[in-house]
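Contents: one structure, followed by commentary.
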Amino acid sequence: MAWTILFVAGLLEVGWAIGLKYTEGFSRLVPSVLTLAAMAGSVILLGLALKWLPIGTAYAVWTGIGAVGTAVLGIILFGEPATALRLASIGLIVGGIVGLKLVT
């Protein structure tokens, strides 16, 4: 259950990171409120998952999910470049997340 909570926390981190783009410097009300809610939910769920998971593992996985999800959505939603080096780097992060899950 802790891993599921951590995964949802990571997805919320992706949500608030992408949401920041849509807030336009927190000048748009609805995207700003949704982004702030995702931020709060992400941190609350991370804190809950830490009741059962080691901090080093949980934090690395949480930020890894956020980094990978945000990078992928940046490519899909905003037309950011999908170069081979960028995709390989995303793959390395995914490998690190999987490795941490396997050893915990």
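Only heavy atoms go into these numbers, but all of them, side chains included; no hydrogens, no water, no symmetry mates.
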Check your understanding: With a 4.5 Å heavy-atom cut-off, do I18 and F78 have their side chains touching?
Key -> yes

Check your understanding: Please, which pairs that meet side chain to side chain donor-acceptor pair (under 3.5 Å) have at least one residue in residues 80-99, sequence neighbours excluded?
Key -> E80-R86

Review point. Same hydrophobic cluster for I90 and F7, using side-chain heavy-atom links shorter than 4.5 Å among ILVMFWY?
Key: yes

Study note, to complete from the structure: Those residues at least two apart in sequence (or on a different chain) that pass side chain to side chain contact (heavy atoms under 4.5 Å, CB included) with A49 are I5, L6, L53

Check your understanding: V68 and L92: same hydrophobic cluster, using ILVMFWY side-chain contacts below 4.5 Å?
Key -> no

Check your understanding: Within the side chain of T70, is there an N or O that forms a donor-acceptor pair under 3.5 Å with the backbone of A67?
Key -> no

Point to revise | Linked, directly or transitively: L45 and W52 (ILVMFWY side chains, under 4.5 Å) | key: yes

Review point. So, do W3 and V8 sit near enough that their side-chain heavy atoms are less than 4.5 Å apart?
Key: no

Review point. Closest heavy-atom contact between A58 and L50?
Key: CB-CD2, 3.4 Å

Check your understanding: Okay, side chain of S42, backbone of M39: is any donor-acceptor separation there less than 3.5 Å?
Key -> no

Point to revise | Shortest non-hydrogen separation from L87 to A82 and the atoms involved | key: CD1-O, 3.8 Å

Review point. So, for S27 and S32, which heavy atoms are closest and what is the spacing to 0.1 Å?
Key: N-OG, 4.2 Å

Practice item. Check the hydrophobic clustering (I, L, V, M, F, W, Y; side-chain heavy atoms under 4.5 Å; chains of links allowed) and say if V61 and I55 are grouped together. Key: yes

Exercise for review: Any pair with a residue in residues 92-104 that passes side chain to side chain donor-acceptor pair (under 3.5 Å), sequence neighbours left out, goes on the list, sorted by first then second residue, please.
Suggested key: T57-T104

Review point. Does one hydrophobic cluster hold both V94 and I76, with members joined at side-chain heavy-atom distances below 4.5 Å?
Key: yes

**Study point:** Check: F26 and L20 side chains under 4.5 Å, non-hydrogen atoms
**Key:** yes

Check your understanding: Do L34 and R28 have side chains that get closer than 4.5 Å, going by heavy atoms?
Key -> no

Review point. What are the two closest non-hydrogen atoms of A60 and L100, and how far apart are they?
Key: CB-CD1, 3.5 Å

Exercise for review: Check whether any side-chain heavy atom of T35 lies under 4.5 Å from a side-chain heavy atom of Y22, and answer yes or no.
Suggested key: no

Review point. Side chains of L12 and L46: does their closest heavy-atom pair fall under 4.5 Å?
Key: no

Review point. To the nearest 0.5 Å, how far apart are CD1 in I97 and CG in L102?
Key: 12.0 Å

Check your understanding: Is any side-chain heavy atom of L36 closer than 4.5 Å to a side-chain heavy atom of W16?
Key -> no

